[in-house]
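Scope of the values below: all heavy atoms of this structure, side chains included, with no hydrogens, waters or symmetry mates. Everything numeric here is computed off the predicted structure, so don't read it as measured data.
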Amino acid sequence: MAEHVAAGDRSFVDEEYEDAVKHYTKALDVSPSADAYEHRAHAYIKLEKYIEAVQDATKAIELDGKNAKAHLRKGTACFYLEEYETALQCFQQGQHLAPGDNKCEKWIHKCKAELDGAFQSPSKRTCSQCTLYGLLHAVVCLSSISNGLCVLLHPPSTPLTAISSIVY
């Protein structure tokens with residue numbers, strides 16, 4: 001098992017995340033462990049496979065509830081899945097388990113900012129691009145779930161005519 005984890009770690013450092021997942025999976029086939037699940041969750045996050053990351057981080061937590069990194073991984077994946085309340089709880093638990101590690105603290109601030117933004121009035125939720133493109137873009141922005149979605153759908157280089165074709 002240790003050789004598979006070590007190979008996965010080397011692949012991860014080389015940013016070969018698919019290979020890292022394969023090595024961690026081999027390690028888990030030999031002997032399931034919280035560390036191997038946590039490592040694979042981290043690789044899944046890098047691959048933007050957030051559901052798989054949540055599953056692995058959850059398994060790591062089940063095997064070792066004091067694994068602060070597993071809570072960090074689960075929180076990170078939940079954050080990217082826009083499950084901000086769950087992510088916040090994970091980060092708070094991770095911070096409790098590893099008070100000297102400031103990674104969770106940074107994520108806690110991000111979660112709180114997202115949660116605070118979700119409860120703002122619609123006029124405060126429009127993205128910064130709305131001021132550039134005018135009312136039409138603001139309508140599109142308000143119809144989206146989050147500011148990020150608006151910017152993703154209508155990046156700054158998108159001309160107003162392209163945006164109007166989406167609305168109509």
Side-chain angles (χ1 to χ4, degrees), residues 1-120 124-129 141 143-155:
M1 180 187 102
E3 66 273 4
H4 294 300
V5 172
D9 291 346
R10 285 190 299 274
S11 294
F12 188 93
V13 168
D14 291 339
E15 298 181 6
E16 296 171 357
Y17 304 118
E18 291 285 351
D19 287 341
V21 166
K22 290 175 187 175
H23 290 296
Y24 296 136
T25 300
K26 288 179 184 177
L28 289 165
D29 289 342
V30 173
S31 179
S33 72
D35 286 338
Y37 277 116
E38 180 271 317
H39 288 313
R40 192 169 72 173
H42 196 192
Y44 278 137
I45 290 168
K46 293 293 187 176
L47 293 168
E48 299 180 5
K49 294 183 177 183
Y50 303 120
I51 294 172
E52 292 88 341
V54 169
Q55 292 169 342
D56 275 6
T58 300
K59 288 178 187 172
I61 293 166
E62 289 171 2
L63 292 171
D64 179 7
K66 295 184 180 187
N67 186 327
K69 284 187 178 181
H71 290 278
L72 174 66
R73 305 297 177 231
K74 184 174 180 179
T76 303
C78 287
F79 182 89
Y80 287 118
L81 290 169
E82 298 182 6
E83 296 288 338
Y84 303 120
E85 289 180 24
T86 302
L88 179 61
Q89 292 171 0
C90 293
F91 295 132
Q92 288 171 334
Q93 183 62 29
Q95 185 180 40
H96 173 74
L97 294 169
D101 188 352
N102 66 352
K103 291 176 190 164
C104 286
E105 186 177 337
K106 290 178 183 178
W107 281 104
I108 288 169
H109 291 298
K110 290 181 182 184
C111 287
K112 288 181 177 180
E114 289 294 333
L115 290 169
D116 289 345
F119 298 108
Q120 289 181 356
K124 292 183 180 179
R125 281 190 287 141
T126 58
C127 73
S128 61
Q129 301 308 316
C141 181
S143 68
S144 66
I145 296 171
S146 70
N147 298 345
L149 180 60
C150 181
V151 174
L152 288 173
L153 291 174
H154 315 291

E16 and K22 ion-paired at < 4.0 Å: no
Can you find a heavy atom in the side chain of V5 that is under 4.5 Å from one in the side chain of D35? no
About how many Å separate NZ of K69 and SG of C104, when rounded to the nearest 0.5 Å? 11.0 Å
Can you name the nearest heavy-atom pair linking A43 to A20, along with the distance? CB-CB, 4.3 Å
Measure the acute angle between the ring planes of Y84 and F79, then classify it against the limits of 30° and 60° as parallel, tilted or perpendicular. perpendicular
Is there side-chain contact between V54 and C78, with heavy atoms separated by less than 4.5 Å? yes
Does the plane of the ring in F91 sit parallel, tilted or perpendicular to the ring in W107? Use 30° and 60° as the thresholds. parallel
For residues A34 and L63, report the shortest heavy-atom separation together with the two atoms involved. N-CD1, 3.7 Å
Shortest non-hydrogen contact between A53 and A77, atoms and distance: CB-CB, 3.8 Å
Starting at CD of E114, measure out to NE2 of H109 and round the result to the nearest 0.5 Å. 14.5 Å
CA sep, side-chain torsions, deciding dist, call: D56, R73, side-chain contact (heavy atoms from CB on, under 4.5 Å): CA-CA 9 Å; D56 275 6; R73 305 297 177 231; over 6 Å; no
Spatial distance of atom NE2 (H39) from atom OG (S33) [nearest 0.5 Å]: 7.5 Å
Is there a donor-acceptor contact under 3.5 Å from the side chain of H71 to the main chain of G65? yes
Would you compute the distance between atom CD of E18 and atom CG of L47 and round it to the nearest 0.5 angstrom? 4.5 Å
How far does CG of L72 sit from NZ of K106, to the nearest 0.5 angstrom? 11.5 Å
When the aromatic ring centroids of H42 and F12 are compared, is their separation below 6.0 Å? yes
Please check if the side chain of Y24 supplies one atom and the backbone of D9 the other of a donor-acceptor pair under 3.5 Å. yes
Measure the spacing between NZ of K59 and CZ of R40 and express it to the nearest 0.5 Å. 6.5 Å
Shortest non-hydrogen contact from M1 to A27? CG-O, 3.6 Å
For the aromatic rings, using the six-membered ring if either is Trp, is the centroid distance between Y44 and Y50 under 6.0 Å? no
